[in-house]
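What you see is a predicted model, and the numbers here were worked out from it, not measured in a lab. When a ligand or atom number is given, it counts from 1 through the structure's own listing order.
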Amino acid sequence: MATERTLSIIKPDATKRNLTGKINAKFEDAGLRIVAQKRIQLTQDQAGKFYAVHAERPFFGELTEFMASGPVVVQVLEGEGAIAKNREVMGATNPADAAPGTIRAEFAESVGENSVHGSDAPDTAKEEIAFFFSGLELVG
Ligand code: UDP
Ligand code: MG
């Protein structure tokens with residue numbers, strides 16, 4: 001399998017509870033390398049642009065409000081099959097369905113406030129990385 005990069009976000013529910021280090025340890029223990037990382041505060045408008053694919057969903061307003069409610073840590077994870085591996089480490093969207101040991105099983109508070117975002121495919125990973133990082137910020 002090829003080396004890939006994927007976009008990860010540690011969401012406001014997790015930064016608020018001081019879980020950045022514990023979540024990063026899960027990535028590193030799974031063989032994912034954090035090759036770029038920054039802590040930022042999104043506006044609701046920026047969160048809406050990032051989650052534009054969900055604009056018609058009933059939870060869109062709540063989701064963008066939540067993503068703008070506190071700091072997030074945006075990061076690029078690199079590794080063999082990083083996109084799928086990260087989704088595995090994250091666990092299912094709804095923490096009630098997330099496998100034991102996954103980030104969402106251990107830390108998520110609800111289906112909305114579920115601690116992490118991860119890209120779901122190579123094309124979205126590329127777009128989402130470019131949404132937050134310039135080439136100069138990706139040093140490997
Ligand atoms: N979400 C929500 N309610 C739902 C489904 C999703 O609030 O019924 C939120 C949740 O924060 C989720 C995000 O919208 O992580 C994006 O949804 P997606 O289906 O892409 O899930 P993910 O890829 O994050 O597992
Ligand atoms: Mg998704």
Is the shortest side-chain N to carboxylate O distance from [X] to [Y] below 4.0 Å?
X: R5; Y: E78; result: yes
X: K38; Y: E137; result: yes
X: R17; Y: E109; result: yes

Side chain, backbone, both or neither: the part of [X] lying under 4.0 Å from ligand 1 by heavy atom:
X: H54; answer: side chain
X: K11; answer: side chain
X: N94; answer: neither
X: M67; answer: neither

Which residue owns the protein heavy atom closest to [atom], what's the atom, and how far is it?
atom: atom 10 (C) of ligand 1; value: V111 O, 3.2 Å
atom: atom 24 (O) of ligand 1; value: R104 NH2, 3.0 Å
atom: atom 5 (C) of ligand 1; value: F59 CE2, 3.5 Å
atom: atom 21 (O) of ligand 1; value: T93 OG1, 3.3 Å

Quick one: list whatever passes side chain to side chain donor-acceptor pair (under 3.5 Å) with R39, sequence neighbours left out.
->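 Listed in chain order: nothing, the list is empty.
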Return a yes/no value for [X]: is any of its N or O atoms, backbone included, closer than 3.5 angstrom to an N or O of ligand 1?
X: H117; value: no
X: N114; value: yes
X: G112; value: yes
X: Y51; value: no

Is the closest heavy atom of L63 to ligand 1 under 4.0 Å?
->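 Yes, L63 has heavy atoms under 4.0 Å from ligand 1.
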Hey, can you tell me if H117 and F50 have their rings parallel, tilted or perpendicular (30° and 60° cut-offs)?
->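 If you compare the ring of H117 with that of F50, the planes turn out perpendicular.
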Using the benzene-type ring in the case of Trp, are the ring centres of F60 and Y51 under 6.0 Å apart?
->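 No - the distance between ring centres of F60 and Y51 does not fall below the 6.0 Å cut-off.
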Candidate pair N86 and T6, rule side chain to side chain donor-acceptor pair (under 3.5 Å), full reasoning | CA-CA 8 Å; N86 180 40; T6 191; 4.5 Å; no
Please say which of R104, K11, Q75 ends up in a side-chain contact (heavy atoms from CB on, under 4.5 Å) with V116.
-> R104
Which of the atoms of ligand 1 are close to R87, meaning less than 4.0 Å from one of its heavy atoms?
->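 Selected atoms, number and element: 22 (P), 23 (O), 25 (O).
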Are L138 and F27 connected, step by step, through hydrophobic side chains (Ile, Leu, Val, Met, Phe, Trp, Tyr) whose heavy atoms are closer than 4.5 Å?
-> no
